[in-house]
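Have a look at the structure below before the remarks.
Please read these numbers as outputs of a predicted model, since none were measured by experiment.
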Amino acid sequence: MKRLLLTISLCMPFALHAELSSKIAWTPETLKHVKTADATNGKVLAEACKSCHGDQGQGMPAETQEDETIPAIPAIAGQLATYTYKQLRDYFNDSRTDSSMAMLAKTLSDQDAADLAAWFASLPTPQNKAAGKVAERAEKMVAQGDGKRILPPCSVCHGNRGQGEKMDIPALAGQHAGYFVSALMAYKSGERHNDVYGRMRLIAQQLSDEEIKELANYYQQLK
Ligand code: HEC
Ligand code: HEC
């Protein structure tokens with residue numbers, strides 16, 4: 001009974017959130033819409049993304065200047081089209097907030113979002129190097145998880161090579177560590193809450209800041 005109550009109380013906040021976390025549902029129609037999108041039109045629209053995401057969707061590492069830190073811009077090349085589409089629509093619907101992206105995403109139609117997603121999915125995944133040694137603890141978390149904290153291995157969802165999985169699970173291989181850290185910190189604080197069923201929030205809340213940095217470094221060098 002005690003265990004049951006614990007399970008219910010753990011699931012409650014996320015169950016309540018689940019309905020609101022995203023308006024994108026993977027119906028056969030939505031899947032077909034993304035699958036049959038026009039990458040050629042996406043390429044034309046992508047002119048508007050170059051100034052931040054780079055000419056090949058490779059993103060930008062975080063840069064530290066004298067006083068201020070310019071945040072890392074995510075790589076979006078080689079990403080699953082379904083994931084990119086969902087994020088663009090989440091920004092459009094205010095399910096995910098970011099001052100740079102929200103304004104732009106609101107100018108994109110549903111078709112534009114699908115076309116852009118198809119274009120970026122067709123570009124090669126960026127390759128990056130690790131910043132220093134890859135921590136063993138991160139490799140273990142990815143491959144085995146941590147039974148004590150009921151943390152599943154990252155690879156069961158994100159794939160053995162960080163390649164992502166069907167629909168909404170993003171590829172992580174080659175992602176800039178600076179962006180990776182900011183994404184996990186945003187799930188951890190709840191500032192980012194567009195993950196359906198709160199899966200990533202639940203995981204991020206259990207990771208220490210140090211572990212998050214190590215995982216970011218691990219995924220950045222993955223090819
Ligand atoms: C002014 C700079 C800027 C421009 C222009 C821009 N982006 Fe972004 N983009 C960002 C930043 C910064 C983030 C990270 C925001 C966050 O953490 O939510 C981001 C995030 C994203 C994400 C989420 C990536 C992920 O891994 O979850 C997608 C998808 C995306 N942008 C697509 C686009 C597309 C497509 C365009 C062009 C139509 C574009 N962006 C133009 C700055 C920009
Ligand atoms: C139960 C499946 C599952 C597991 C296990 C999982 N993830 Fe995720 N992850 C997801 C989903 C689904 C999303 C996208 C949610 C959304 O739409 O925002 C995501 C998103 C992310 C993102 C944001 C990527 C981006 O481009 O913005 C990062 C970083 C991430 N996960 C890292 C991890 C790490 C590190 C682990 C292991 C400690 C892990 N994930 C385990 C399902 C999972």
Side-chain angles (χ1 to χ4, degrees), residues 11 14-15 17-35 37 53 57 59 74-93 95-96 98 101 113-114 116-126 128 138-146 149-177 179-188 190-207 211-212 215-216 218-223:
C11 295
F14 299 102
H17 264 299
E19 221 182 318
L20 305 166
S21 61
S22 178
K23 289 188 178 148
I24 301 305
W26 291 111
T27 60
E29 291 74 36
T30 314
L31 271 178
K32 191 168 163 227
H33 173 53
V34 178
K35 255 198 194 145
H53 290 280
I76 51 176
Q79 184 56 272
L80 271 76
T82 40
Y83 172 78
T84 299
Y85 169 78
K86 175 183 178 288
Q87 300 307 313
L88 288 174
R89 297 313 283 165
D90 283 350
Y91 286 124
F92 179 90
N93 292 321
S95 305
R96 181 174 175 184
D98 176 73
M101 276 312 297
L116 279 161
W119 167 245
F120 284 108
S122 75
L123 296 176
T125 305
N128 287 302
E139 288 174 346
K140 206 171 156 206
M141 184 62 74
V142 171
Q144 297 168 22
D146 180 2
R149 285 180 284 173
I150 327 180
L151 275 169
C154 314
S155 60
V156 294
C157 291
H158 292 280
N160 284 330
R161 306 297 307 155
Q163 74 274 28
E165 261 295 334
K166 267 180 237 152
M167 275 101 86
D168 62 348
I169 303 178
L172 301 174
Q175 187 56 274
H176 301 293
Y179 168 74
F180 190 106
V181 169
S182 74
L184 282 185
M185 294 308 283
Y187 284 129
K188 192 173 176 174
E191 183 197 329
R192 179 170 171 182
H193 44 72
N194 64 324
D195 53 327
V196 179
Y197 310 127
R199 283 170 290 182
M200 277 315 300
R201 274 170 285 168
L202 195 52
I203 290 168
Q205 278 160 12
Q206 299 185 73
L207 296 170
E211 280 178 307
I212 289 176
L215 285 160
Y218 168 85
Y219 276 109
Q220 172 167 287
Q221 53 83 47
L222 208 61
K223 295 184 172 63

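Counting heavy atoms from C-beta outward, D168 and R199 have side chains that approach closer than 4.5 Å. Side-chain contact between E211 and M141 is present, with heavy atoms from C-beta onward closer than 4.5 Å. Side-chain contact between I212 and K188 is present, with heavy atoms from C-beta onward closer than 4.5 Å. Taking 4.5 Å as the limit, every side-chain heavy atom of P153 sits out of range of all side-chain heavy atoms of D146. In this structure the side chain of T82 reaches within 4.5 angstrom of the side chain of W26, judged on heavy atoms. Between L215 and V142 the shortest side-chain heavy-atom distance falls below 4.5 Å. Contact of the M185 side chain with the V181 side chain is registered, since non-hydrogen atoms from C-beta on lie closer than 4.5 Å.
Going from atom OG1 of T27 over to atom NE2 of H33 covers 10.0 Å, rounded to the nearest 0.5 Å. For the atom pair CZ of R192 and OG of S95, the computed distance is 11.5 Å after rounding to the nearest 0.5 Å. Atom-to-atom distance recorded for M200:CE and D195:CG is 7.5 Å, nearest 0.5 angstrom. Here CD of E191 is found 10.0 Å from CZ of R96. Values are rounded to the nearest 0.5 Å. Atom CZ in R161 sits 12.5 Å away from atom CG in L172 (nearest 0.5 Å). To the nearest 0.5 Å, atoms CG (L207) and CG (L151) are separated by 5.5 Å.
When atom types are taken as modelled, the side chain of R149 and the backbone of Q206 share a donor-acceptor pair closer than 3.5 angstrom. A donor-acceptor pair under 3.5 Å is formed between the side chain of S182 and the backbone N or O of Y179.
For K32, the NZ atom sits in a loose shell: 12 or fewer heavy atoms of surrounding residues, nucleotides or ligands are nearer than 6.0 Å.
Shown here for A171 and Q163, the closest heavy-atom pair between the two residues is CB-O, 3.5 Å. For the residue pair A114 and A37, the shortest heavy atom distance occurs at O-CB, 3.3 Å. Across A204 and L184, no two heavy atoms sit closer than the pair CB-O, 3.6 Å. Heavy-atom minimum distance, Q175 versus P74: OE1-CA, 3.5 Å.
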Query raised in the report: Hey, mind stepping through K86 and V196 against side-chain contact (heavy atoms from CB on, under 4.5 Å) and telling me if it holds?
Result: CA-CA 11 Å; K86 175 183 178 288; V196 179; 4.1 Å; yes
Report task. Starting from the C-alpha separation in whole Å, work towards a yes-or-no answer on side-chain contact (heavy atoms from CB on, under 4.5 Å) for C154 and Y219. Result -> CA-CA 11 Å; C154 314; Y219 276 109; 3.3 Å; yes
Query raised in the report: Can N194 and S22 be said to form a side chain to side chain donor-acceptor pair (under 3.5 Å), step by step?
Result: CA-CA 5 Å; N194 64 324; S22 178; over 6 Å; no
Requested in this report: For the pair E139 and Y218, evaluate side-chain contact (heavy atoms from CB on, under 4.5 Å) and give the outcome as yes or no after the intermediate values.
Outcome: CA-CA 7 Å; E139 288 174 346; Y218 168 85; 3.7 Å; yes
**Report entry** From CA spacing to verdict: ring pair (Phe, Tyr, Trp, His ring centres under 6.0 Å), H53, F120
**Finding:** CA-CA 11 Å; H53 290 280; F120 284 108; 7.1 Å; no
Query raised in the report: Where do H176 and N128 land on the side-chain contact (heavy atoms from CB on, under 4.5 Å) test, with the steps shown first?
Result: CA-CA 8 Å; H176 301 293; N128 287 302; 3.7 Å; yes
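Y187 and R201 share no side-chain donor-acceptor pair at under 3.5 Å.
Residue I24 is tested with D90, V34, L88 for a side-chain contact (heavy atoms from CB on, under 4.5 Å); the sole match is D90.
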